[in-house]
Amino acid sequence: MEVPGAGYVVLTLLAALFGWLSLTYARRLVTVARVLRRGVRAGGECVRVESEPYHRSDARRYFFAFHTADGTRVEFEDLASWSTKEGTPVTVTYDPRDPRGTATVAGRGTWSPVLSALALVTGCGLAALGFATLLWFEIRGGS
C-alpha cells in the first residue's frame, strides 16, 4: 500500500533534521573557535564513558571534569577519541564567564575540537543539501 506524498514527507523531515544538526554544530564550532582563541586552560580528566545499553551501538559518550580558577568543579560532555578511558588526563579550554557551556577538550592526543565540529557541520550540511536536492527532484517529477 502506497501512501500519497509519503516520499515528500520523509525527504522534508530528513532535510530538516540534518539542517538542524548542521546549525547546532555550526554554533558549537563558533563557540569552540572563540574559546580556543581567548579561553583559559586547565587540567582535567575523563570521569565517565557511557556506551549504548546492551551494546547495541558503537556510540559512546565522554564526560570530563576540571576545576576553574576559583575551585569550582565543572563536568561536561565532549567528543573524544576511542582511546580515551576513564581517568585519562586532558587539557580543557573554557570561557570563565560560562565554563560549563563552553568547555572543550583540547590538547595532545585529541582531535582538534575545531576539526571535529567542522567535520560534523560539513557532514550534516551535505546530508541536508542532498535530501533537499532529492526532494526538489521528486517535486519536479524526476525530470
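Positions are given from 1, in the same order as the sequence printed here. Because only heavy atoms are used, hydrogens play no part in the values below, and waters and symmetry mates are left out as well, while side chains stay in.
- E86 is linked by a side chain to side chain contact (heavy atoms under 4.5 Å, CB included) to nothing, counting only residues two or more places apart in sequence or in another chain.
- R34 meets the salt bridge (Lys or Arg N to Asp or Glu O under 4.0 Å) test with D95; sequence neighbours excluded.
- A continuous path of ILVMFWY side-chain contacts below 4.5 Å connects L29 to L36, so both sit in one hydrophobic cluster.
- With contacts defined as side-chain heavy-atom distances shorter than 4.5 Å, the pair D78/R28 qualifies.
- Residues forming a side chain to side chain contact (heavy atoms under 4.5 Å, CB included) with A42 (at least two apart in sequence, or on another chain): F66, Y94.
- With hydrophobic clusters built from ILVMFWY side chains whose heavy atoms lie under 4.5 angstrom apart, L120 shares a cluster with F131.
- The minimum heavy-atom distance between V90 and E45, with the atom names listed, is CG2-N, 3.8 Å.
- Under the 4.5 Å side-chain heavy-atom criterion for ILVMFWY residues, a single connected hydrophobic cluster contains both V92 and V74.
- In this structure the side chain of Y62 never reaches within 4.5 angstrom of the side chain of V105, judged on heavy atoms.
- Residues E75 and F63 approach most closely at OE2-CB, 4.1 Å, considering heavy atoms.
- Between the R48 side chain and the F64 main chain, no donor and acceptor come within less than 3.5 Å of each other.
- Under a hydrophobic-cluster definition in which Ile, Leu, Val, Met, Phe, Trp and Tyr are linked whenever side-chain heavy atoms come within less than 4.5 Å, directly or via other members, V32 and V35 are assigned to different clusters.
- For T88, the side chain to side chain contact (heavy atoms under 4.5 Å, CB included) partners are C46, T84, K85, not counting sequence neighbours.
- Heavy-atom minimum distance, H67 versus G71: CD2-O, 3.4 Å.
- Evaluation of the side chain to side chain contact (heavy atoms under 4.5 Å, CB included) rule for L126 yields T122 as partners, not counting sequence neighbours.
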For residues 7-25, please give each side-chain donor-acceptor pair under 3.5 Å, one per line with the distance, not counting sequence neighbours.
unit_1 : atom_1 : unit_2 : atom_2 : d
T12    : OG1    : Y8     : O      : 2.7
S22    : OG     : V121   : O      : 3.4
T24    : OG1    : W20    : O      : 2.9

